[in-house]
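Everything below concerns the one structure shown next.
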Amino acid sequence: MDSVKNIPLSWAYDWLQQPKRQYIDGQWVDGTGQDKWVVTNPANREALCEFVMADAEQVEYAAQIANQRHESGVWSKVSRTQRADMLRQIARLIREHTEQLAVLESLPNGKLFTESMADDIPTCADIFEYYAGWTDKFYGETSPVEDGFLNYTVKEPIGVCALIAPWNFPLYQTSLKMAAALAMGNTVIVKPSEYTPLTTIYLMELIDSELEFPKGVINMLLTDGAMANQLTLSHNVHKVSFTGSTGVGRKIVQNSGLSNLKAATLELGGKSPCIFFEDTPNLDGAIDRAFTVMFSHKGEKCSEPTRFLIHDSIYDQVLEKLIAKANAVKCGNPFDENVDQGPQCNEAQFNKILEYIEIGKGEAKLVAGGYADTEGDNANGYFIRPTIFSEVDQKARIAQEEIFGPVLCCTRFHTTEEAVQMANATAYGLAAGLYTGDVSRAHRVAEQIDAGMLFINRYGCYGLAAPFGGFRQSGWGKEMAIHSLSSYTKTKGVWVYYGDA
Ligand code: NAD
């Protein structure tokens, strides 16, 4: 892989040789657990690095320290201007090290280096800059109470925030949580996915060596789900911001009830529909866009449109184009600029997707892909061809359950009512898209679809000023924009009596 030009791969392999440790209270410390975790490269299964995981005692120690630092006010009492400045400095560090971070993002995840370089890493810098601007703009109100009384509200930091991230957008997810939590004056414990911790570790190293954050404001635990579970049970943690699977989301809610009723924001799974009505404007452009959103990042995206609902009159035409596009995709080394799709992130995910493909073969008509790509250099990697099933019944498991890979289900419909009914026919409600030239129908259908984000005539629009998050079993609460700030604060109401008696 070192032959790939203009990418700091040699630098990355040198960096991988250095020990990977926990970051607690401004110190780098060895993990105290019994077990080691090996981070692997999904393109060829090579071991990239390893770390000793934190155990329950170390997890609780980090939570206690973060709480002590919170209570001492080392961060919450820092002036808002200074807080903003520190966040801007994190953004600067990310911008200055974009190439290094992009390599460390793509290596263990398998996403294209160009995706990391052009989108994922620069957006992390944008996020810190965006939330730097909010430190002095999110404030309370005076309430319209009776004469002689004043009631005002104050937004206070919530305390220690455990920020638990998945492996699909590692640094992006961590940044989204960290920037908002720090902007509101909280202390944080960052827990990256054990599969993809490299960019978070490197960012912590940059922060530690180049910035003057008070000790214990930013902490990082390298460990697995079992120990992250302990973190969500800690009485020293006041808020969990979690992005990951719906099953773990349920566990976090249970753990909140079993411990201190900590707050939780949950960004969970999805099975999002995209409806193509017969009057889809610029049909070719619509297919291109929806296909790209579905299959980019190897289909490991929570809000991707995994169910295409296509009007009967254009079904065959759309399907033919989709099949041609899927068959043209080149799978391979994510650092090769001629490659369209890298490997799935890890073995468990690879096996899970292949199992769903086998299930799908018994439920619907396989029209593209449907197998692991083991051509040439791909033989040792977790590559799966873009896969399309046609004539999928909405009751089928492949239409109901989140696969989280390059597997698309296509279904034909005849009426608008039928399309809406199909769109709402799963337990999820993360996102939905619809394409139509009829503006009234667009709004009517958007109103009827029970999803947290609706995309009309362009699937997959995102912006930091727009809320992100789902309904039903896709989660609770919103990230991005002003919406995430209320979840990192608590609102205190203060009464003042200034009457005569
Ligand atoms: P996951 O739920 O297995 O793991 C996510 C994180 O939680 C990891 O850091 C893991 O170590 C930790 N974890 C595991 N068990 C835990 C427990 N019992 N308590 C606390 N933490 C625990 O998810 P994943 O496989 O890393 O990511 C894929 C999932 O994430 C998919 O379901 C996808 O839809 C979802 N996702 C959702 C969004 C969104 O914004 N809605 C975005 C990205 C990914």
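The model shown is predicted, which means the values in this text are computed figures rather than measured ones. Each ligand, and each atom within it, is numbered from 1 in the order the structure gives.
- Taking the six-membered ring where the residue is Trp, Tyr202 and Trp15 present perpendicular rings, their angle passing 60° and hence far from 30°.
- Protein neighbours of ligand 1 below 4.0 Å, counting non-hydrogen atoms: Ile164, Ala165, Pro166, Trp167, Asn168, Gln173, Lys191, Pro192, Ser193, Glu194, Asp224, Gly225, Ala228, Asn229, Phe242, Thr243, Gly244, Ser245, Val248, Lys251, Glu267, Leu268, Gly269, Cys302, Glu402, Phe404, Leu430, Phe468.
- Aromatic pair Phe291/Phe308: ring centres not closer than 6.0 Å.
- Looking at Lys177 and Glu267, no side-chain N of the basic residue comes within less than 4.0 Å of a carboxylate O on the acidic one, giving no salt bridge.
- Aromatic ring pairs are classed by plane angle as parallel below 30°, tilted from 30° to 60° and perpendicular above 60°; the pair Trp75 and Phe213 is tilted.
- Look at Glu355 and Lys352 and you find no salt bridge, because none of the NZ, NE, NH1 or NH2 atoms lies under 4.0 Å from a carboxylate O.
- Checked for salt-bridge contact, Lys215 and Asp208 miss the test: no charged N lies under 4.0 Å from a carboxylate O.
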